[in-house]
**Q** 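The structure under discussion is supplied below as structure tokens; questions concerning it will follow.
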Amino acid sequence: MASHTALRCRECGREYPIAPIYTCEWCFGPLEATYDYDAIKGSISREAIAAGPASIWRYGPLLPVSAPAGAALNAGWTPLVRADRLAAELGLGELWIKDDTRNPTNSFKDRVVAVALGKALDFGFKTAACASTGNLANAVAAAAARTGLESFVFVPSDLEAGKILTTAVYGGNVVAIDGNYDDVNRLCAELAAEFPWAFVNVNVRPFYAEGSKTLAYETAEQLGWETPDHVVVPIASGSLLTKIHKGFHELHTVGLLDEEPVVRVSGAQALGCSPVATAFADGVDDVHPVRPSTIAKSLAIGNPADGYYALDVIRKTGGACGSVTDDEVVEGMRLLARTEGIFGETAAGVTIATLAKLAREGVVRRDERVVAYVTGHGLKTLDAIAPHVSVTTTIPPRLDAFRAAFPELTQEA
Ligand SMILES: *Cc1c(COP(=O)(O)O)cnc(C)c1O
Ligand SMILES: [Zn+2]
């Protein structure tokens, strides 16, 4: 973290000292954390990482903040599981699922929040805040509770009941806004100018975003310090996708991988909110904002802040960006659960259904080592799946009733 040196504008390259700022004063481009990679190279090793904590903090030198004292902001080091049954079903060869449902609040957002709040504490903030499509609200409210910060989370009022409850339980302030995420985000940008709070995805966004790199680090380490050939990543703002790409390449920069990795990065969106997939299909650079309408609410950002950069990563790595209908999202959730015993939320349904589609189209190939990112838990989006699954049958508590209901089992016995 001593190697995190400055913030740099992604557009004009101007540098700024480390502070809770997020846009370039000169060109309004987004700011990104920069590092002294030579210094990191001299101090990092596979062995030191292996001896580190079972969390994102094992990669401390590649993050813009050191691990806060205690285990207050834990996240990461989630399982990477081989998914042979799902692979067979999709006609793929080597397929892995990065199961990020296994985080403290059951989504990958715990990673970004750990970094953002670590930095917020450094800066001396007393209140954490965010604009959220649901999972970020969970993660901020929980991490604020653990670290003794006050919290204000802002969400669209039509969010899933499960996501509201699993946020409100932590006792912070949950402010529902009559509007979509893009309205909430705009309001938060205004609030950030007025209130001295750490808005994790506004004024501390450059630090927050770096937390997503840990998904790439873990993937490579868990593959025995090798990289996948192709990854499939869900897109909301597009930040996660760009940071997974950045993470793989940093591992080479700091000497943890011998060769420059070649990883195709594909994006996944719900058809009802697919501005990046649309730009990809149309072959244009501009990501046109849309009004979201999909059950995949955690991905429902109509005006994605990093959409342009995500599109650039997808194109330059030879990936693709697919989109799937809400019915396909539900089918994707069920397919993952049925084949691998992993219950992902609607965003996972988007990822798995898009993976299936790209496999059918021959974009994701049988000869590739593929990793799909399952970023949130299905228990938070029960509304989406409730109309589609139920008990197999209901019977009285009698042996003959069971035999009558399952005659084929009686024959087998
Ligand atoms: C926020 C979120 C994403 C994508 O995040 P971005 O970095 O905004 O693209 C993916 N999956 C889930 C479950 C999320 O909550
Ligand atoms: Zn600039």
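Computed from a prediction, not measured in an experiment: that's the story for all the values here. Both ligands and their constituent atoms are indexed starting at 1 by order of listing.
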**Q** Going by the order shown, which atoms of ligand 1 are within less than 4.0 Å of some heavy atom of E345?
**A**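 Answer for ligand 1: 13 (C).
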**Q** Does the pair E15/R8 count as a salt bridge with the N-to-O cut at 4.0 Å?
**A** yes
**Q** Should S107 be listed as contacting ligand 1, given a heavy-atom distance under 4.0 Å as the test?
**A**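 So S107 does not count as touching ligand 1.
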**Q** Would you say the ring centroid of F207 lies under 6.0 angstrom from that of F123?
**A** yes
**Q** Mind checking the NE2-CD spacing from H252 to E259? Nearest 0.5 Å is all I need.
**A** 7.5 Å
**Q** Identify, for atom 2 (C) of ligand 1, the protein heavy atom at the shortest distance, and state residue, atom and that distance.
**A** K109 NZ, 2.4 Å
**Q** Do any heavy atoms of F108 fall under 4.0 Å from ligand 1?
**A** yes
**Q** Can you name the nearest heavy-atom pair linking G134 to T167, along with the distance?
**A**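 Shortest heavy-atom contact: O-OG1, 4.3 Å.
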**Q** Of all the atoms in ligand 1, which lie at a distance below 4.0 Å from a heavy atom belonging to A347?
**A**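 That gives atoms 11 (N), 13 (C) of ligand 1.
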**Q** Once you measure the plane-to-plane angle for W77 and Y59, does it fall in the parallel (<30°), tilted (30-60°) or perpendicular (>60°) bin?
**A**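 Rings of W77 and Y59: tilted, as their planes differ by 30° to 60°.
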**Q** Identify, by atom number and element, the atoms of ligand 1 in contact range of S298, meaning under 4.0 Å from any of its heavy atoms.
**A**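 Per the distance check, 13 (C), 15 (O).
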**Q** Can you tell me the protein heavy atom closest to atom 12 (C) of ligand 1 and the distance?
**A**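 Result: T375 OG1, 3.3 Å.
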**Q** Could you identify the single nearest non-hydrogen protein atom to atom 4 (C) of ligand 1 and state the distance to 0.1 Å?
**A**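 Nearest neighbour among protein heavy atoms for atom 4 (C) of ligand 1, to 0.1 Å: A236 CB, 3.6 Å.
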**Q** Which class fits the ring pair F406 and F402: parallel under 30°, tilted 30 to 60°, perpendicular over 60°?
**A**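 Rings of F406 and F402: tilted, as their planes differ by 30° to 60°.
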**Q** Take L63 and K119 through the test side-chain contact (heavy atoms from CB on, under 4.5 Å) and record every step on the way to the result.
**A** CA-CA 10 Å; L63 294 173; K119 205 69 201 171; over 6 Å; no
**Q** Looking only at distances, can you tell me whether any N or O atom of G238, backbone or side chain, sits closer than 3.5 Å to an N or O atom of ligand 1?
**A**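 Yes - when backbone and side-chain N and O of G238 are compared with those of ligand 1, one distance drops under 3.5 Å.
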**Q** Could you check whether K98 makes a cation-pi contact with Y373, meaning its NZ or CZ is under 6.0 Å from the centre of the six-membered ring and within 45° of the ring axis?
**A** no
**Q** Going by heavy-atom distance to atom 7 (O) of ligand 1, choose the closest among D100, N201, L240.
**A** L240
**Q** What does the angle at the Zn ion (ligand 2) come to, between atom SG of C24 and atom SG of C12, rounded to 10°?
**A** 110°
**Q** As an exercise, identify every atom of ligand 1 less than 4.0 angstrom from a heavy atom of L299.
**A** 3 (C), 10 (C), 11 (N)
**Q** Show your reasoning for whether side chain to side chain donor-acceptor pair (under 3.5 Å) applies to D99 and T101.
**A** CA-CA 5 Å; D99 183 5; T101 67; 2.5 Å; yes
**Q** Looking only at distances, please establish whether an N/O atom of ligand 1 is found under 3.5 Å from an N/O atom of S237.
**A** yes
